[in-house]
Amino acid sequence: MTFSGGRLNREQEAAVKHAGGHALVLAGAGTGKTKTIIHRIAHLIENGVDPRRILLLTFTRRAAREMTDRLRKMVGKSADNIISGTFHHYCLMTMRRMQKDFNIAGATVIDRDDQEQLMRLARARYVEKKEVFPKAGPLTDLYSYARNTNQSRQGYLKKFTEYDEKTIGRIIKVFEDYDRRKKACNYLDFDDILFRFARVLHSSPAIRAKLRRRYDHILVDEMQDTNPLQWLILDGLRDPAKLFCVGDDAQSIYAFRGADFRNVHSFTERCPNSTVLKLQENYRSTQEILDLANWLLAESPLKYNKKLRASRGKGIRPRLIEFEDDLSEAEWIANDLLERHENGAAWKEHMVISRTGFGARAVEAELIARRIPYVFIGGVSFLQSAHVKDLLCLVRCAMSHHDLIAWMRYLTLWPKVGDVTADRMIAGMQPGKSIRDALELLRKHPDLKNESLERIVQGPEIILENMDNPAEAITRASAFLEPLLSSMYERWDKRRQDFNLLARLAERHRSLQGFLETYTLDPVNITQVEKREDEDVVALITAHSAKGTESPVCYLIRVEPGMYPHVRSLGDSDSEEEERRVLYVAMTRAKNELIVTRSLSRSDYTTFYGITDSGSTGTPYFLEGLEKNLVRMELPETGTIDDDDSDIIIPHR
DNA sequence: AAGCTCTGCTTTTTT
DNA sequence: AGCAGAGCTT
């Protein structure tokens, strides 16, 4: 990202060579944060620190991989010896290697979808069908948030929700039921991964001592997005290991997930003898781009005390372009991309940033129609599509007979098996000690007498035969499921190709468990699998996923009332303020050119749900009162837009 | 007990 | 407009 070649400036060098206690590095957008982390690790290794005693915690696996790739170029293969990954990844890996200490043998990691599924079951027990009561989705959010911020359910619900006492009592009942179900199935949800690790770390001095002895240096990226649970983990692992935490409070955009920027603000109180270092010089963007970003922050009632200065100096003023609707917006962007490409620019020099995955749809359709190569980053991954889940659930069945959700899904794929029959079969397996016992019990189950169901047991057996060969297991399982699935789904021919893709992903793994867990924690997007990373493609990306990236030309699309701040955040000033930071993050991705687009007149997004009229009356909007000289206002060249007969339809293909 | 059909609700961001 | 859940039919 930020060029890692080139010399370090004085601030960066001070951070890289910092010796002594813990350090917090406040690094504004584009100030060479990644570069500084990499150089620091290289510096440590060159000064004799054993790479295996360096722990690097990042926010996404993508970031971890990118950093180790760049580090490898500097220090060679020893880069691969540092321990790097997300908090979740690191904690899970460590707990797996110390199974006995953490008591997680045989546990299945479940993703957000499964978690919601389980919550739905728990909810059904306490809530009448038509009753007005929070749905499983929101309940899961509440449950997760309370855990990530390490507070009691009761306290959290009372303080931060509007529910009355009675409702809160019932919500907690549902949560407790969820807990029981989770335990019965031996599941670990995302939060458990952090929670269990943190709990053992703080309740078992012996294990804590053992872990603390392992590291000399712990580096943390995106510190502003860590949550209280993650802080407890860092706190438990530090000393003698030195923390080196890098962050920027103006880029904190994950509060909805429990992130707490006190982890940045209270750092020095929590870590006595620590040093705060600053990186202030922006190397990424031109001053015009930063002026706009600075203006946005200055408009905030909060005091960020941030003013980015461009070491590169002057450049092109950001453009603000207005459209009739999102279709002409998308069309214009595609045209502009094509034009730039014809003039010799590479596709990969362009990034299209959207507030929501959904909001990028029109542009995506247009890119496909115009055959512009792109990757979509963020949004729904292909691992979440129904048929892929079917296959993965079959794999999971072979790993544990307690995996209720997987078994339920697998069994009900079969004709004449609904939830009732499936329940009965699953109950029949529970006395089994091992998965093989359980399969034996299932084979004898009365419901399998039916001739068409004999083959049910074969599915998991195929997987069991190929435990050490994930790719083969996937291939065989696909063939096994095909007759069932092909009749269930439309456009089966298209879907089945995803199975080949899945097998290719599996080739990279030696154990099925590792394969499953890797992609549960960090699902891969289909376009990311298909394309090589260094391929020449336009990046279509959500603002959240864009954090930590940069691009010479950035299109910021749909910067409209209802989007920034997003309608869902309205009414809560903290959330609204977070939206400002989302926009700030998006703006500061641009190196040379920032092109802001919007369609104010007929924003179907705002009219769509609830917002009374399409005029922006009353809806707060961050670009309201934008100083004219900060951007170049434009209308797209007319032409096709006004032709009545052009009646543009986006060609789907 | 399964499976189909209709209705109503939703669409933020992600480990 | 597309999906999940409720209710109805087989």
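Predicted, not measured: the structure shown is a model, and the values here were computed from it. All heavy atoms count here, side chains included; hydrogens, waters and symmetry mates do not. Here is the naming used below: chain letters follow the sequence lines, and residue numbers restart at 1 for every chain.
As judged by a 4.0 angstrom heavy-atom cut-off over every strand, A/Glu579 is placed among the base-contacting residues. Looking at heavy-atom distances under 4.0 Å, A/Ser569 makes no contact with the nucleic acid at all. When heavy atoms are screened at a 4.0 angstrom cut-off, A/Phe87 is found touching no nucleic acid atom at all.
A side chain to side chain contact (heavy atoms under 4.5 Å, CB included) with A/Tyr374 is found for one member of A/Val352, A/Ile368, A/Val363 and no other, namely A/Ile368.
When rounded to the nearest whole Å, the span between CZ of A/Arg581 and C1' of B/dT14 equals 16 Å. Atom CZ of A/Arg65 is separated from atom P of B/dT15 by 13 Å (rounded to the nearest Å). The CD1-P distance, from A/Ile353 to B/dT13, rounds to 15 Å in whole Å. Regarding A/Arg568, its CZ atom lies at a distance of 11 Å from the C1' atom of B/dC9, rounded to whole Å. Taking atom CD of A/Glu578 as the reference point, atom C1' of B/dT14 lies 12 Å away to the nearest angstrom. Rounding to whole angstrom units, CG of residue A/Asp141 and C1' of B/dT15 are separated by 13 Å. Counting to the nearest Å, the P atom of B/dT13 and the OH atom of A/Tyr564 are 11 Å from each other. We find that CZ of A/Phe197 is positioned 16 Å from C1' of B/dT15, with the value rounded to whole Å.
Aromatic pair A/Phe59/A/Tyr254: ring centres closer than 6.0 Å.
Of the C1' atoms belonging to B/dT13 and C/dA4, the separation is 22 Å, rounded to the nearest Å.
Remark: DNA chain B forms stems of 3 or more consecutive Watson-Crick or G-U wobble pairs, all pair distances under 3.5 Å, at B:1-10 with C:1-10.
Residues passing the salt bridge (charged side-chain N to carboxylate O under 4.0 Å, His left out) test with A/Asp189, sequence neighbours excluded: A/Arg147, A/Lys182. When the salt bridge (charged side-chain N to carboxylate O under 4.0 Å, His left out) test is applied to A/Arg96, the partners found at least two apart in sequence or on another chain are A/Glu517. Applying the salt bridge (charged side-chain N to carboxylate O under 4.0 Å, His left out) test to A/Glu329 and every residue at least two apart in sequence or in another chain returns nothing. Residues satisfying the side chain to side chain donor-acceptor pair (under 3.5 Å) test with A/Tyr187, not counting sequence neighbours, are A/Asp403. Taking the side chain to side chain donor-acceptor pair (under 3.5 Å) definition, one finds that A/Asp572 meets it with A/Ser575, sequence neighbours left out. Residues passing the salt bridge (charged side-chain N to carboxylate O under 4.0 Å, His left out) test with A/Arg125 are A/Asp177, sequence neighbours excluded. Scanning for side chain to side chain donor-acceptor pair (under 3.5 Å) contacts around A/Gln151 gives A/Thr149, with sequence neighbours left out. Annotation: side-chain contact (heavy atoms from CB on, under 4.5 Å) contacts of A/Ser511 (sequence neighbours excluded): A/Gln513.
For B/dT14, the OP1/OP2 oxygens have a side-chain nitrogen or oxygen of A/Thr542 closer than 4.0 Å. Between A/Ser545 and B/dT14 there is a side-chain polar atom (N or O) within less than 4.0 angstrom of OP1 or OP2.
A/Arg581 has a carboxylate O that lies under 4.0 Å from a charged side-chain N of A/Glu578, or vice versa, which qualifies the two as a salt bridge.
Applying the salt bridge (Lys or Arg N to Asp or Glu O under 4.0 Å) test to every pair with at least one member in residues 410-422 of chain A, sequence neighbours left out, gives no pairs at all.
By the stacking rule of 5.5 Å between ring centres and under 30° between planes, A/Phe256 stacks on the base of B/dT13.
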Atom pairs, protein N/O to nucleotides 2-6 of chain B N/O, distance under 3.5 Å:
from  : atom 1 : to       : atom 2 : distance (Å)
B/dA2 : OP1    : A/Gly418 : N      : 2.7
B/dA2 : OP1    : A/Thr421 : N      : 3.3
B/dA2 : OP1    : A/Thr421 : OG1    : 2.0
B/dA2 : OP2    : A/Val420 : N      : 3.2
B/dA2 : O5'    : A/Gly418 : N      : 3.2
B/dG3 : OP1    : A/Lys416 : N      : 2.9

Check nucleotides 3-8 of chain C for protein N or O atoms closer than 3.5 Å to its own N or O atoms and list the pairs.
from  : atom 1 : to       : atom 2 : distance (Å)
C/dG5 : OP1    : A/Arg120 : NE     : 2.6
C/dG5 : OP1    : A/Arg120 : NH2    : 3.4

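Side chain of A/His544, nearest nucleotide from B/dT14, B/dT11, B/dT15: B/dT14.
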